[in-house]
Amino acid sequence: MKKILLLSSFMAILWVAMSFSVCKTSKEKLMIDVYNFVGDDMLRLDTVTYKNELGQSFTVTNFKYYISNITLKNTNGKEYKTNTYFLVDEADAASKELTLNDIPDGTYSSVEFTLGIDSLHNCNGAQTGVLDPVNGMFWAWNSGYVFLKLEGKSPASLSPGHIFEYHIGGYKSPNNCIRKINLTFDHSFAVNENEPNIWVLRADVSEILKTPETIDFSKLSSVTDFHHATEIADNYKDMFDITHVGYKK
Amino acid sequence: MWVIKNKFVFIFSILAVTLFVFNSFVDDNPYFKITAKDVELKIPQGFPKPFYTFKNNKLSADVFMLGRKLFYDPLLSGDSTISCASCHQRIAAFGHIDHALSHGINGLIGKRNVSGLENLIWKDTYMWDGGVNNLEVQPINPITNPVEMNETLEHDVYKLKHNKQYVMLFNKAYHDTIINSERMLKALTQFTGLMISANSRYDKYMAGKDTFSNAEKNGLVIFRMKCANCHKEPLFTDNTYRNNGIKPDTALRDLGRAAITGTDRDVNTFKVPGLRNIERTYPYMHDGRFRNLKQVMDHYANPEDYDTGADLSLHKIGKLSEKEKSEVIAFLKTLTDTEFLYDKRFMDPDMRQ
């Protein structure tokens, strides 16, 4: 009898302990809202004219890029890696809302992600979803994904129709255009079950056209293979920042 | 009354029989029937581990049959005139008989000679320049190339979704109603990936099951000394990119491997092709410049005429006598694999060819 009592109280303690640990590891949904800008202005396709560093005016007709493998770092330096692939398309509102599921509760201080697609997934053969080649972000002749597409028009461009087009991809050195982006928050930020969490990620098109390499539309209006690709990749490396970490009911 | 009834029965049974025969012809002609045994991956004796393993593309008879149907179907091209098989003809070991440069839609001419298709899963890359990194994504090239099939992948998927026969075939293959580019490409890959040629007279000779003539034996000895460095047995390629001494064609301005890597030292290098069934895949080289094996041998045996960037190992070849050249050719012809060329699994089940 005593033994049974002992055993059952032990079981009870175990059960309580287990339910606590379940609470501790609870997971949240995290949203990252992407806003594309040109300098201080929100990007508007086709209709609004912007100016580059050299004062050449331009419009943007198409802007798409891959964000993948988002990793969160908490204040203890612990990393939480996700196996995620997003294709942000300025023309598609739904594509600008990135959802991460199952983010463990905690206080996070920075985020890291890849602009582009890791080499493994460049070699994985036929894939579906955002990695489906029908999305027009895959090169067949030199297989691999186009990581970023920026297309538009500028009177300065000498290409037919005064267009410019930068299709940047390539996962092998020396033409590797995969860029790791690391953003640290001003204030560390808690993820918990009370409120669904929203971050705002800002991408600035004008950064693709400058630092370190100032792009002159009259000299470089078309990049569609490895020629000049890494120059643009080094430019887009710093096109992101996190402007706002907020909560939404 | 009985007569009329009988007539009905008679007409009805005739109808039923024709329908049955027709159906079985279209669908399940026993000659073209594929079973699970037909799609087992058997690695031939002495072959290395393949690069493509079907790991994410589980082999099945129904997926293979879907791939076969797609391979022979001009539906995949922009104006429904060109199928994969238009350029890749079975009798030519899936190369294009007697065409130096590929012929596509509206008679447009491409910039390269059609490769034969065989032992593809042992290649780490595809195309003469090695630009394609996975067999599954290779078909996107001919499909979307304006001078080949001139179609979009997206529109192909649309056409398949709106075609009753394909809706049925995809359903049979994947047991649900999803039709997408991934499945289309993977089905094609099952079909092309199983094109394995390893039953030539050379293979039988190596296994001690056949004999060689003296000329063939001498040819093999010369080949091993002078050619096998690049055309490595048993696949007859070492999967590297080399300049084999042919001078660049100034009209085509094909940079070869350099178009992919952007590296100067890769200019005018091309993937070393496997030589199995070489007798059938004439003309030769990436631009189809040589019409027969005699011309190929004349090139290799004439070092004075090599391109300046020729691979250094070519100089081992030196001068070859006419006798030696013909012996090498005799040996190369032992690489013809008639079991592969007449394998019914790879024939057009609708016999359109």
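Numbers restart at 1 for each chain; the letters A, B, ... are given by sequence-line order, proteins then strands.
Top candidate by heavy-atom pairs under 4.5 Å with chain A, chosen from Val157(B), Asp129(B), Asn141(B), is Asn141(B).
Residues Tyr145(A) and Trp139(A) keep their aromatic ring centres 6.0 Å or farther apart.
Contact annotation for Asn180(B): only side-chain heavy atoms (C-beta onward) come within less than 4.5 Å of a heavy atom of chain A. Neither the backbone nor the side chain of Thr152(B) comes within contact range of chain A, judged by heavy atoms closer than 4.5 Å. The contact between Asn142(A) and chain B is made by backbone and side chain atoms together, counting heavy-atom distances below 4.5 Å.
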- Task: Evaluate the criterion ring-ring contact (aromatic ring centres under 6.0 Å, His included) for residue pair Phe113(A) and Phe240(A); output intermediate values, then yes/no.
- Result: CA-CA 11 Å; Phe113(A) 58 85; Phe240(A) 293 102; 5.1 Å; yes

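Under a cut-off of 6.0 angstrom, the local environment of CD in Glu165(A) is crowded, with over 12 non-hydrogen atoms contributed by other residues, nucleotides or ligands.
In this structure, the side chains of Phe346(B) and Met195(B) come closer than 4.5 Å at one or more pairs of heavy atoms.
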